[in-house]
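Remarks on the structure that follows.
Here is the naming used below: chain letters follow the sequence lines, and residue numbers restart at 1 for every chain.
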Number of protein chains: 2
Amino acid sequence: MRTRSGVEPDEAAGLRADAVRNRNRILEVARKLFAERGLDVPMAAVARHAGVGVATLYRRFPTRESLITEVFADQFAACVSVVDDALADPDPWRGFCTVIERVCAMQAVDRGFSAAVVAAFPGAFDVEQERDRALRGFAELTRRAKENGRLRADFAQDDLTLLLMANCGIIAATAETAPAASRRLVAYLLDGLRAVHAVPAKPLPPPVPLSLHEVFGSPRP
Amino acid sequence: MRTRSGVEPDEAAGLRADAVRNRNRILEVARKLFAERGLDVPMAAVARHAGVGVATLYRRFPTRESLITEVFADQFAACVSVVDDALADPDPWRGFCTVIERVCAMQAVDRGFSAAVVAAFPGAFDVEQERDRALRGFAELTRRAKENGRLRADFAQDDLTLLLMANCGIIAATAETAPAASRRLVAYLLDGLRAVHAVPAKPLPPPVPLSLHEVFGSPRP
DNA sequence: GGTCAAACGGACGGGGTACTCCACTTGGGC
DNA sequence: GCCCAAGTGGAGTACCCCGTCCGTTTGACC
């Protein structure tokens, strides 16, 4: 798993020593606040908790999104490697389940990450790139799992998004029980996603094309 | 289904004619705005669209919650009768499915109602009472459906809440496609809820006690 | 140690929302 | 038609949040 700890490689290059220190404190604090309270923590609160003026925060991260994408870069990278691991599993169905279980679990312990996954900023180069890579990998995984006969054939790519949105809903409405609640939802869903050879239930309603960032598209006239 | 149209029975009693008129316009407008934009529409916006001063709005509905509960009273009542209908169905599993499908569909066409169901204000006499009645009916329904062997035995009461929260998550993250997306989620979930006689999947994680209003419990220090 | 660009912090203007106050208007009983 | 309590609208207050500006401090290179 690729990580960002150690000497900051790229973004912090050329910064003065105190600036790097502050930058790290900001990221650390933001990570914690986002995890606890979600993505709409006031910028001023982040600055205050980091023991830093707002100006410093804004100089390092001109927009809230830039802060968010940097904060969750590790987690997004982790998602990619979750998919990679799963692709290495000889049992594609087990791999498929693992991906969903692990990503949902990551969402459950971090309100901010949960929301970030669903919002999934267009324009954040890094994130977009990694997301696409993860999605391609996941597509391959579903292909194999269907071929293998364990995943129902009418599963659509966009159903992953559906699932993550649903999980996000549970996490948003839930406090310390989020992980347990999420696990239970996931268990039901995975059960619904199995190709059962018993009586097939009614045919599935048609798949829905879902972009991971149409959250921003809600009309506010 | 009990409805509130016609001459306002209780809440509007003793009001002057123009006051009643304004009250209705407020409710009408609020219903539309909540449905489109969710529950956090500014009170001033409601007043403006209703062609009324803010003071008028606040005199009739001192708190936002009082407005919300009044606006969605019909829908909550409709939920009760959905459950009642389902209890009348000789096939308890079909009844069970119908309840979930219909309530989720109601959520899907109304962002505000979707959020209101999950928030489900403690202290709103009416709503609390109706909710409990609906929950009791639903409990009876699940009992019968399990006895009948079509609903998996490890289904817990609180799983309904889980399901509604998940559905709410999809609706919040989705625009005009909400109903279609919701239908698909529900189909998967109901499939996962069936008692399949084929290979049983892994045992379910333990049930989670969920109150329908712990949304307000998120700590903000 | 001296220099200076980089970095800093807090004050500030702009915009938005919740809720109240008060001078004016009006419905409806007489 | 008169009267007055009920009703009304909009201005006003008190927040909270975003993002910038500017006078001051400090790290790093000489």
Side-chain angles (χ1 to χ4, degrees), chain A residues 7-8 10-30 33-34 36-71 112 115 119 121 216 218-221, chain B residues 7-8 10-30 33-34 36-71 112 115 119 121 216 218-221:
Chain A
V7 275
E8 307 302 318
D10 30 322
E11 297 87 349
L15 289 188
R16 237 164 59 177
D18 56 342
V20 174
R21 234 180 353 253
N22 282 334
R23 188 171 187 280
N24 288 339
R25 280 230 301 285
I26 289 173
L27 285 174
E28 189 184 331
V29 158
L33 289 181
F34 285 152
E36 288 168 1
R37 308 197 212 167
L39 294 183
D40 49 2
V41 175
M43 293 296 260
V46 175
R48 187 161 32 82
H49 280 79
V52 137
V54 275
T56 301
L57 172 54
Y58 278 105
R59 191 171 318 102
R60 238 24 98 203
F61 305 98
T63 73
R64 166 182 236 95
E65 283 189 13
S66 66
L67 175 59
I68 293 177
T69 55
E70 185 62 24
V71 162
F121 319 95
F216 299 128
S218 56
R220 306 241 166 188
Chain B
V7 276
E8 309 301 318
D10 30 323
E11 296 87 350
L15 288 187
R16 236 164 59 176
D18 55 343
V20 174
R21 229 176 3 249
N22 281 335
R23 187 171 187 282
N24 288 340
R25 279 231 302 285
I26 288 172
L27 284 174
E28 188 183 331
V29 157
L33 289 181
F34 284 153
E36 289 168 359
R37 308 198 213 167
L39 294 183
D40 49 1
V41 176
M43 295 295 262
V46 176
R48 186 160 31 85
H49 280 80
V52 136
V54 275
T56 303
L57 172 54
Y58 278 104
R59 190 171 320 99
R60 238 26 98 200
F61 305 98
T63 72
R64 164 183 238 93
E65 284 189 13
S66 65
L67 174 60
I68 293 178
T69 55
E70 184 62 25
V71 161
F121 317 94
F216 298 130
S218 56
R220 308 240 166 190

Take the protein atom [atom1] of [X] and the nucleotide atom [atom2] of [N], then report the distance between them rounded to whole Å.
{"X": "B:Arg64", "N": "C:dC19", "atom1": "CZ", "atom2": "P", "answer": "8 Å"}
{"X": "A:Leu57", "N": "C:dC8", "atom1": "CG", "atom2": "P", "answer": "11 Å"}
{"X": "A:Asn22", "N": "C:dG10", "atom1": "CG", "atom2": "P", "answer": "12 Å"}
{"X": "B:Met43", "N": "C:dG16", "atom1": "CE", "atom2": "P", "answer": "19 Å"}
{"X": "B:Glu65", "N": "C:dA18", "atom1": "CD", "atom2": "P", "answer": "14 Å"}
{"X": "B:Leu39", "N": "C:dT17", "atom1": "CG", "atom2": "C1'", "answer": "16 Å"}
{"X": "B:Asp40", "N": "C:dG16", "atom1": "CG", "atom2": "P", "answer": "16 Å"}
{"X": "A:Phe61", "N": "D:dT20", "atom1": "CZ", "atom2": "C1'", "answer": "18 Å"}

**Q.** Side-chain N,O (B:Arg48) to OP1/OP2 (D:dG9) below 4.0 Å
**A.** no
(Q) On the nucleotide C:dG9, are OP1 or OP2 found under 4.0 Å from the side-chain N or O atoms that A:Thr56 carries? (A) yes
Q.
Please evaluate residues A:Arg64 and A:Leu67 with respect to the criterion side chain to side chain contact (heavy atoms under 4.5 Å, CB included), reporting the C-alpha separation (whole Å), side-chain torsions for both, the decisive distance (0.1 Å), and the verdict.
A. CA-CA 5 Å; A:Arg64 166 182 236 95; A:Leu67 175 59; 5.7 Å; no
Q) If you find the nucleotide of DNA chain C closest to B:Val41 and the one closest to B:Ala17, which residue's nucleotide is nearer the 5' end? A) B:Val41
Q) Out of C:dG10, C:dG27, C:dC8, which has the shortest distance to the side chain of B:Asp18? A) C:dG27
Q.
Taking the minimum atom-to-atom distance to the side chain of A:Tyr58, which one of C:dT17, D:dC18, D:dG10 wins?
A. D:dC18
Q. Can you check whether B:Met43 reaches B:Val54 side chain to side chain, under 4.5 Å on heavy atoms?
A. no
Is [X] touching bases, backbone alone, or none of the nucleic acid, heavy atoms closer than 4.0 Å?
{"X": "A:Arg59", "answer": "base"}
{"X": "A:Ala19", "answer": "sugar-phosphate"}
{"X": "A:Arg60", "answer": "sugar-phosphate"}
{"X": "B:Val54", "answer": "base"}

**Q.** Expected output: side-chain B:Arg60 to main-chain B:Ala19 donor-acceptor under 3.5 Å
**A.** no
Q. Can you name the closest pair of heavy atoms from B:Phe34 and B:Leu39 and give their distance?
A. CE2-O, 3.6 Å
Q.
I want to confirm an ordering. Mapping B:Arg16 and B:Gly51 to their closest nucleotides on DNA chain D, which one lands closer to the 5' end?
A. B:Arg16
Q) Say you draw a straight line from CG of A:Leu33 to CD1 of A:Ile26; how long is it, rounded to the nearest 0.5 Å? A) 12.0 Å
